[in-house]
Amino acid sequence: MSIQTVSVIGAGQMGNGIAHVFALSGYDVLLNDISQDALNAAVAQIDRNLERQVSRDKISAEIKAAAMSRIRTTMKLADLGQTDLVIEAATERESVKQAIFEDLVPHLRPETILTSNTSSISITRLASRTDRPEKFMGFHFMNPVPVMQLVELIRGIATDEPTYKSLLAVVESLGKTAASAEDFPAFIVNRILMPMINEAVYTLYEGVGSVDSIDKAMKLGTNHPMGPLELADFIGLDTCLAIMNVLHDGLADTKYRPCPLLTKYVEAGWLGRKTGRGFYDYRGETPVPTR
Ligand SMILES: NC(=O)c1ccc[n+]([C@@H]2O[C@H](COP(=O)([O-])OP(=O)(O)OC[C@H]3O[C@@H](n4cnc5c(N)ncnc54)[C@H](O)[C@@H]3O)[C@@H](O)[C@H]2O)c1
């Protein structure tokens, strides 16, 4: 089917990045959140990020203005009824995502494709709670969305071929590259990445290294552009913990046990960059390790 109008549910760091790339590629975007502050912050963030692209001569001021004019916001799920494609990018909690799909489905046209940007939750299970499991897929963008090339495409057990092909065409229209993953906990990227981050937190917890030495070791020793603790702060420690819990519960293997120190940071509300503090404190001029 031809996709022109896209709804993005959840206007956090992923939702604003997804809205940005779709609007820049000519799609009409409707951004939804339960918080008006989150919607305002997302639009301001998209404006800043597009402005940066203008100042680097990546896009013209006219292209930026056209992209901004394609983005609308709403707090009402009913307003998303006429869109061709829905991308759910709300908080990584299954109960939150299921409630969204349950509330949304009665408003949708039968042909609308439903997707979730979940990092780890079962696509088959999310799809089974909707009226269209054959038109439901995992659509996993990477952070920051305007910069990262990959989109993971995850078929649930019932996803049909036309839905997969439509989303593949959408990924190509964004100038990005798709990798297909089967629907098992955390798919490919986070199945591999998150245990590494969790192990970095254990390395800190057990005193093998400080925040600074762990990140320096991995950056200079393995040529990673960011250290694992810096990356965890960038992703959000609540999201990292949620993914480890999905791996632990879904694969029932103790090797996925979330590090108690990761849990402690989340309990403190130290969720990383988005709250100003995580393994680093971001409230000053430069990030300072918190351990
Ligand atoms: N952070 C990453 O690096 C990353 C990468 C890929 C995928 N993801 C996935 O993207 C999703 C969002 O992550 P994020 O990092 O943007 O989180 P975030 O905390 O920055 O944003 C989540 C947003 O969802 C909103 N929200 C919560 N409940 C809602 C509801 N019922 N309806 C509408 N909006 C609601 C919140 O108000 C918030 O603005 C998660 O599923 C996460 O696993 C995250």
Side-chain angles (χ1 to χ4, degrees), residues 7-21 30-46 49 73-80 86-105 107 114-123 125-126 129 137-154 176 179 181 185-194 196-197 225-226 228-247 266 269-276 278:
S7 291
V8 180
I9 303 176
Q13 43 183 358
M14 293 307 290
N16 86 58
I18 293 168
H20 172 138
V21 298
L30 195 49
L31 189 55
N32 162 269
D33 204 289
I34 42 168
S35 148
Q36 186 60 48
D37 287 348
L39 288 171
N40 297 344
V43 171
Q45 184 70 47
I46 296 168
N49 291 343
T73 63
T74 178
M75 284 179 64
K76 286 197 225 112
L77 275 181
D79 291 345
L80 313 186
V86 173
I87 305 169
E88 174 279 313
T91 310
E92 184 74 350
R93 199 173 311 130
E94 188 160 344
S95 56
V96 170
K97 294 182 185 298
Q98 294 213 329
I100 288 172
F101 287 122
E102 270 166 30
D103 291 350
L104 176 67
V105 158
H107 305 290
L114 286 180
T115 68
S116 174
N117 183 50
T118 176
S119 303
S120 60
I121 297 167
S122 166
I123 298 303
R125 210 161 54 231
L126 289 175
R129 303 286 288 269
M137 268 192 64
F139 203 21
H140 185 215
F141 287 82
M142 308 294 134
N143 188 16
V145 185
V147 175
M148 299 295 280
Q149 187 60 28
L150 183 74
V151 184
E152 232 176 338
L153 289 181
I154 306 109
K176 297 198 181 288
F187 323 123
I188 295 173
V189 173
N190 283 308
R191 170 79 178 260
I192 298 169
L193 174 67
M194 215 40 79
M196 185 199 73
I197 286 177
M226 289 172 111
L229 300 173
E230 193 186 354
L231 179 57
D233 275 358
F234 186 68
I235 294 168
L237 302 190
D238 53 339
T239 301
C240 293
L241 180 60
I243 297 170
M244 285 312 297
N245 279 325
V246 168
L247 281 167
V266 172
W270 293 15
L271 307 183
R273 274 186 181 273
K274 64 183 172 187
T275 56

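When a ligand or atom number is given, it counts from 1 through the structure's own listing order. Fair warning: this is a prediction, and the values are worked out from it, not measured in the lab.
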*Asks:* Report the part of Val96 (side chain from C-beta onward, or backbone N, CA, C, O) that has a heavy atom under 4.0 Å from ligand 1; answer both or neither where that applies.
*Replies:* side chain
*Asks:* So which protein heavy atom does atom 1 (N) of ligand 1 come closest to, and at what separation?
*Replies:*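 The answer is Ile235 O, 2.8 Å.
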*Asks:* Are the side chain of Gln36 and the backbone N or O of Met75 linked by a donor-acceptor pair below 3.5 Å?
*Replies:*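 Pair absent, no side-chain N/O of Gln36 close to backbone of Met75.
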*Asks:* To which protein heavy atom is atom 44 (C) of ligand 1 closest, and what is the distance rounded to 0.1 Å?
*Replies:*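 For this ligand atom, the closest protein heavy atom is Met14 CG, 3.3 Å.
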*Asks:* Please confirm whether the backbone N or O of Val189 pairs with a side-chain atom of Glu152, one donor and one acceptor, at under 3.5 Å?
*Replies:* yes
*Asks:* How long is the gap from CG on Leu104 to CD1 on Ile9, to the nearest 0.5 Å?
*Replies:*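 Leu104 CG to Ile9 CD1: 5.0 Å, rounded to 0.5 Å.
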*Asks:* What I want to know is whether Asn117 and ligand 1 share at least one N or O pair that is separated by under 3.5 angstrom.
*Replies:*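 By distance alone, the answer is yes.
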*Asks:* Say whether Asp33, considering both its backbone and side-chain N or O atoms, lies within less than 3.5 Å of an N or O atom on ligand 1.
*Replies:* yes
*Asks:* Purely on distance, is any nitrogen or oxygen of Gly15 under 3.5 Å from one on ligand 1?
*Replies:*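 There is no such contact.
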*Asks:* Would you say Phe141 has any N or O atom under 3.5 Å from an N or O of ligand 1, going by distance alone?
*Replies:*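 By distance alone, the answer is no.
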*Asks:* With a 4.5 Å cut-off on side-chain heavy atoms, are Asp79 and Asn32 touching?
*Replies:*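 A side-chain contact is absent here, since even the closest heavy-atom pair is not under 4.5 Å.
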*Asks:* If I compare all heavy atoms of Leu39 with all of Ala11, which pair ends up nearest, and what's the gap?
*Replies:* CD2-CB, 3.9 Å
*Asks:* What distance separates Met14 CE from His140 NE2, expressed to the nearest 0.5 Å?
*Replies:*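 Atom-to-atom, Met14:CE and His140:NE2 are 6.0 Å apart.
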*Asks:* Of the choices Ala41, Ser120, Gly12, Cys240, which has the non-hydrogen atom that lies closest to atom 23 (C) of ligand 1?
*Replies:* Gly12
*Asks:* Counting both backbone and side chain atoms, is some N or O of Asp238 under 3.5 Å from an N or O of ligand 1?
*Replies:*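 No.
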*Asks:* Is there a donor-acceptor pair under 3.5 Å between the side chain of Gln13 and the backbone N or O of Lys274?
*Replies:* no
*Asks:* Please write down residue, atom name and distance for the protein heavy atom closest to atom 20 (O) of ligand 1.
*Replies:*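 Among all protein heavy atoms, the one nearest atom 20 (O) of ligand 1 is Gln13 N, 3.1 Å.
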*Asks:* Could you give the distance from CG (Leu247) to CE (Met194), rounded to the nearest 0.5 Å?
*Replies:* 8.5 Å
*Asks:* Hey, is the main chain of Arg93 close enough, under 3.5 Å, to the side chain of Thr91 for a donor-acceptor pair?
*Replies:*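 Side chain of Thr91 to backbone of Arg93, a donor-acceptor pair under 3.5 Å: no, none is there.
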*Asks:* Considering only heavy atoms, does Ile9 approach ligand 1 within less than 4.0 Å through its side chain, its backbone, both, or neither?
*Replies:*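 Just the side chain.
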*Asks:* Counting only N and O atoms by type, is there a donor-acceptor contact under 3.5 Å from the side chain of Asp238 to the main-chain atoms of Leu271?
*Replies:* no
*Asks:* Do you know which two heavy atoms are closest between Lys176 and Val151, and how far apart they sit?
*Replies:*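 It is CD-CG2, 3.8 Å.
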*Asks:* Checking contacts here: is it the side chain or the backbone of Ala38 that comes within 4.0 Å of ligand 1, counting heavy atoms only? Could be both or neither.
*Replies:* side chain
*Asks:* Give me the one residue out of Val8, Thr74, Thr73 that meets side chain to side chain contact (heavy atoms under 4.5 Å, CB included) with Leu30.
*Replies:* Thr74
*Asks:* Looking only at protein heavy atoms, identify the closest one to atom 17 (O) of ligand 1 and say how far it is in Å.
*Replies:*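 Going atom by atom, the protein heavy atom closest to atom 17 (O) of ligand 1 ends up being Lys274 NZ, 4.0 Å.
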*Asks:* Please could you name the atoms of ligand 1 that His140 approaches to less than 4.0 Å, counting only its heavy atoms?
*Replies:*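 Reading through ligand 1 atom by atom, the close ones are 6 (C), 7 (C).
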*Asks:* Of the protein's non-hydrogen atoms, which lies at the shortest distance from atom 30 (C) of ligand 1, and what is that distance?
*Replies:*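 Ranked first by proximity to atom 30 (C) of ligand 1 is Ile100 CD1, 3.5 Å.
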*Asks:* Would one find an N or O of Glu92, backbone or side chain, under 3.5 Å from an N or O of ligand 1?
*Replies:*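 Checking ligand 1 against Glu92, an N or O pair does fall under 3.5 Å apart.
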*Asks:* Which residue supplies the protein heavy atom nearest to atom 43 (O) of ligand 1, what is that atom called, and how far is it?
*Replies:*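 Going by distance alone, atom 43 (O) of ligand 1 is nearest to Ser119 OG, 2.6 Å.
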*Asks:* Is Ala89 near ligand 1, meaning one of its heavy atoms is under 4.0 Å from it?
*Replies:*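 Judged by the 4.0 Å heavy-atom criterion, Ala89 does count as contacting ligand 1.
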*Asks:* Could you tell me whether a side-chain N or O of Thr115 sits under 3.5 Å from a main-chain N or O of Gly138, the two making a donor and an acceptor?
*Replies:* no
*Asks:* Where's the contact between Thr239 and ligand 1, heavy-atom distance under 4.0 Å: side chain, backbone, both or neither?
*Replies:* side chain
*Asks:* How far is atom 27 (C) of ligand 1 from its nearest protein heavy atom, and which residue and atom name does that atom have?
*Replies:*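 Answer for atom 27 (C) of ligand 1: Thr91 OG1, 3.2 Å.
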*Asks:* What do you reckon, does Lys97 put a non-hydrogen atom under 4.0 Å from ligand 1?
*Replies:* yes
*Asks:* Report the nearest protein non-hydrogen atom to atom 40 (C) of ligand 1: residue, atom name, distance rounded to 0.1 Å.
*Replies:*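 Heavy-atom neighbour on the protein nearest atom 40 (C) of ligand 1: Ala90 O, 3.2 Å.
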